[in-house]
**Q** 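One structure is given below, represented as structure tokens, and several questions about it will come after.
For clarity, every value in this text was computed on a predicted model and none was experimentally measured.
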Amino acid sequence: MATATATATAVKSTVVKISSLSPSQDFTKPLNSFVPKILPESHKPLQISLSKNPISEVFSLYKESRNPENSFEGDDDDKPREECGVVGIYGDPEASRLCYLALHALQHRGQEGAGIVAVHDNVLQSITGVGLVSDVFNESKLGQLPGDMAIGHVRYSTAGSSMLKNVQPFVAGYKFGSVGVAHNGNLVNYQVLRAKLEENGSIFNTSSDTEVVLHLIAISKARPFFLRIVEACNKLEGAYSMVFVTEDKLVAVRDPFGFRPLVMGRRSNGSVVFASETCALDLIEATYEREVYPGEVIVVDKEGVRSLCLMTHPEPKSCIFEHIYFALPNSVVFGRSVYESRRTFGEILATESPVDCDVVIAVPDSGVVAALGYAAKAGVAFQQGLIRSHYVGRTFIEPSQKIRDFGVKLKLSPVRAVLEGKRVVVVDDSIVRGTTSSKIVRLIKEAGAKEVHMRIASPPIIASCYYGVDTPSSEELISNRMSIEEIREFIGSDSLAFLSINSLKKLLGNDSPNFCYACFSGKYPVEPRGKVKRVGDFLDDGLSGNMESINGGWIERTRNQEELSRVNDIGQAVEQTF
């Protein structure tokens, strides 16, 4: 880790910062002659000889998708969902296969769509499909993606049927060639930008906010290419960690607030890798070097790695839920070990909310590390009281005779030998609507537990996320409607405690101001514009629905109207604008 820190410091010193640029500035003249600083020779990627022939065609090979007849979309899947993961590789002859492996490591970030774009002889070739990475790709299809550069994407579909045309990465042709993009995040001014582009004649093929970025790049007159990306990104508001690929370049960019993670690594042959999490680097044996900094654009080509900070970047607001739930425990996210964060969350719960108990169990898989921390601090044995089935997807046939808690029972099975006659502490990462928690408590009590005490390794979620996470509207969040005691009664536990927001911030120390807590406070670093969520809304995730269905599920935001939402037991007031 010390080596990685030293490397990050060395790389950071080469970043070119231009603070005078503004989103409305014309980039064409002032930056036309700008030559970005190039990293030392030792940091250059593997040299690749690329043809100078202009691009002649773009191939797209799609996997036929089918809408499942029996798709389970009920309350038993009651968790916030991170909507995607991205990867980019430059300078490796096995780029598409490495991309495929890296996407496997990121599969937890999205399970319903996957795609890879590779560059060979200056041609961008794309294969996308609906389903898991292993469903979309096989040896034959990967054989159709030769080349030394590739980008990949996995995505989670939040509602409705998946639409193949919206599976990323997207590839588009424009005046100077072709560009592919994979995006993790959500643009809060997407509808405003799309409306302006459509007024000027732009035609959209998808309902994804990512397509807006391609249009902005295409209409930009800035040169060279990476300045088109800079100009486009200066018009975006919200969360975006993106990787782009052209005929000869790989470009990575992160929004000025750094909401979503993006890291950079390097393989032993010199090839450069970008990924949403370090677990992807580990799988393909790439050494972690550093994060892509908020507001930074990194260009990788045969000249080397150029690092530029051309976008104004205020205080970072990284998503704290990456450490609570989204990222894998073996990842390092925002410079911190996810495993260590979750273990400490559990230790704090044991210290601040102790209870006499005989056994500590977790709601698998996301509650396991926090439960280990709780058990160690409390001096009580940790055991597997709930066994998770790894063979249940989001599609199955429900029995005609209704079985109570059917969905939860398919996924979680209580172990009577661990639970019977015991006072049980159950550790979970979060409570969203509360429906799943109530069913879990009932399962454990039916297995013979004497007492069930719920401990939640995050503060109460009282507000929706607009930065690339699928969460319900605020009215559907149980912590926004009930006190902790009311939630305890609703889920049926003998006691209930959450990780306090103050303890969370204290744990983060000096880094505390650099995280986004909007889902816990309702205070948004970037206010959503245009339309906002309502009860039972439709969240456009780029895979589902059309513009009509989106408009049918959203309501106009009126700045003059404010609604005071009742929040957690601390009595914190949250302002929501509808």
Side-chain angles (χ1 to χ4, degrees), residues 75-82 108 320-331 333 337-355 357 359-378 380-390 392 407-409 411-415 418-419 422-445 447 449 452-461 478-479 484 487-488 491-500 503-504 507 519-520:
D75 290 331
D76 297 322
D77 206 17
D78 187 17
K79 288 290 181 184
R81 295 292 178 179
E82 169 47 81
H108 60 285
I320 188 59
F321 238 88
E322 292 286 348
H323 278 268
I324 292 170
Y325 176 68
F326 298 136
L328 286 184
N330 58 317
S331 286
V333 176
S337 165
V338 175
Y339 187 97
E340 289 300 316
S341 293
R342 292 180 188 171
R343 182 182 58 80
T344 307
F345 295 161
E347 291 177 351
I348 294 173
L349 278 172
T351 301
E352 295 185 343
S353 305
V355 64
C357 63
V359 64
V360 176
I361 70 170
V363 177
D365 290 318
S366 54
V368 170
V369 179
L372 288 169
Y374 187 102
K377 194 70 174 180
V380 179
F382 168 81
Q383 296 193 48
Q384 279 190 285
L386 292 170
I387 305 299
R388 177 176 176 265
S389 171
H390 294 272
V392 179
V408 166
K409 288 179 178 178
K411 298 177 182 181
L412 297 174
S413 302
V415 181
V418 172
L419 305 172
K422 303 290 180 58
R423 297 169 299 174
V424 182
V425 166
V426 186
V427 181
D428 201 359
D429 62 275
S430 60
I431 294 181
V432 182
R433 294 183 180 91
T435 50
T436 298
S437 297
S438 65
K439 294 172 183 178
I440 288 173
V441 170
R442 188 157 58 234
L443 281 181
I444 294 171
K445 287 193 172 182
V452 178
H453 303 274
M454 289 291 293
R455 294 296 179 266
I456 308 302
S458 70
I461 302 173
I478 193 169
S479 293
I484 290 181
I487 298 172
R488 184 201 65 76
I491 67 175
S493 62
D494 293 278
S495 72
L496 170 66
F498 291 81
L499 180 70
S500 74
S503 296
L504 176 60
L507 166 64
C519 54
F520 306 135

**Q** Under the criterion side-chain contact (heavy atoms from CB on, under 4.5 Å), I'd like the reasoning laid out for Val355 against Arg455: C-alpha separation, chi angles, the key distance, then a yes or no.
**A** CA-CA 10 Å; Val355 64; Arg455 294 296 179 266; 3.6 Å; yes
**Q** Would you give the length of the straight line joining atom CG of Leu412 to atom CD1 of Ile387, rounded to the nearest 0.5 angstrom?
**A**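 Taking CG in Leu412 and CD1 in Ile387, the distance rounds to 9.5 Å.
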**Q** I want to check something: taking the side chain as every heavy atom from C-beta on, are Ile324 and Ser341 in contact at a cut-off of under 4.5 Å?
**A**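 The answer is no, as the side chains (C-beta and beyond) never meet within the 4.5 Å cut-off.
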**Q** In Å, rounded to the nearest 0.5 Å, how long is the span from CE of Met454 to OG of Ser353?
**A**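 Spacing of CE (Met454) from OG (Ser353) equals 13.0 Å.
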**Q** Could you walk me through whether Tyr339 and Leu372 pass the side-chain contact (heavy atoms from CB on, under 4.5 Å) test, one step at a time?
**A** CA-CA 10 Å; Tyr339 187 97; Leu372 288 169; 3.8 Å; yes
**Q** At what distance, to the nearest 0.5 angstrom, does OG1 of Thr351 lie from OH of Tyr374?
**A**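 The OG1 atom of Thr351 sits 9.0 Å away from the OH atom of Tyr374.
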**Q** At their closest point, which heavy atom of Ala362 faces which heavy atom of Leu386, and how far apart are they?
**A**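 So the two residues come closest at O-CD1, 3.9 Å.
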**Q** Over all heavy atoms of both residues, which pair between Lys422 and Val359 is shortest? Give the atoms and the distance, please.
**A**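 That closest heavy-atom pairing would be CB-CG1, 4.1 Å.
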**Q** Should Val338 and Leu328 count as side-chain neighbours, where that means a heavy-atom distance under 4.5 Å?
**A**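 A side-chain contact is absent here, since even the closest heavy-atom pair is not under 4.5 Å.
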**Q** Surrounding NZ of Lys377 (heavy atoms of other residues, nucleotides or ligands, distance under 6.0 Å), is the total greater than 12?
**A**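 At most 12 heavy atoms, drawn from other residues, nucleotides or ligands, come within 6.0 Å of this atom.
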**Q** Within the structure provided, determine whether Lys445 and Arg442 are in side-chain contact (heavy-atom separation under 4.5 Å).
**A**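 Side chain of Lys445 against side chain of Arg442, heavy atoms only: no contact under 4.5 Å found.
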**Q** Does any non-hydrogen side-chain atom of Ile444 lie less than 4.5 Å from one of Ile361?
**A**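 Touching, per the 4.5 Å side-chain cut-off.
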**Q** Give me the atom names and distance for the closest heavy-atom approach of Leu419 to Gly385.
**A**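 In terms of heavy atoms, the two residues are closest at CD1-O, 3.7 Å.
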**Q** With rounding to the nearest 0.5 Å, note down the distance linking CD1 in Ile431 to CD1 in Ile456.
**A**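 Output value for this atom pair is 3.5 Å.
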**Q** With rounding to the nearest 0.5 angstrom, report the CG to CZ distance, Asp429 to Phe345.
**A**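 Asp429 atom CG to Phe345 atom CZ measures 10.5 Å (nearest 0.5 Å).
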**Q** Which pair of non-hydrogen atoms, one from Ser479 and one from Ile461, has the smallest distance, and what is that distance?
**A**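 Looking at all heavy atoms of both residues, the closest pair is CB-O, 3.4 Å.
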**Q** Is it true that atom CD of Gln384 has more than 12 heavy atoms of other residues, nucleotides or ligands lying nearer than 6.0 Å?
**A**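 Not more than 12 within 6.0 Å, no.
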**Q** Evaluate side-chain contact (heavy atoms from CB on, under 4.5 Å) for Val333 paired with His323, printing each intermediate quantity in order.
**A** CA-CA 7 Å; Val333 176; His323 278 268; 4.0 Å; yes
**Q** Over all heavy atoms of both residues, which pair between Ala375 and Phe382 is shortest? Give the atoms and the distance, please.
**A**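 That closest heavy-atom pairing would be CB-CB, 3.7 Å.
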**Q** Asp365 pairs by salt bridge (charged side-chain N to carboxylate O under 4.0 Å, His left out) with which of Arg342, Arg388, Lys411?
**A**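 The option that passes is Arg388.
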**Q** What's the spacing between Ile487 CD1 and Ser437 OG if we round to 0.5 Å?
**A**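 Reported value, rounded in 0.5 Å steps: 9.5 Å.
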**Q** Compare every heavy atom of His453 with every heavy atom of Ser495, then report the nearest pair and how far apart it is.
**A**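 That closest heavy-atom pairing would be OG-ND1, 2.6 Å.
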**Q** Within a strict 4.5 Å, meaning less than it, do heavy atoms of the Leu504 and Phe498 side chains meet?
**A**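 SC-SC contact between Leu504 and Phe498 ruled out.
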**Q** Do Ser458 and Tyr325 pass the side-chain contact (heavy atoms from CB on, under 4.5 Å) test, and can you show the C-alpha distance, the side-chain angles, and the key distance before you say yes or no?
**A** CA-CA 9 Å; Ser458 70; Tyr325 176 68; over 6 Å; no
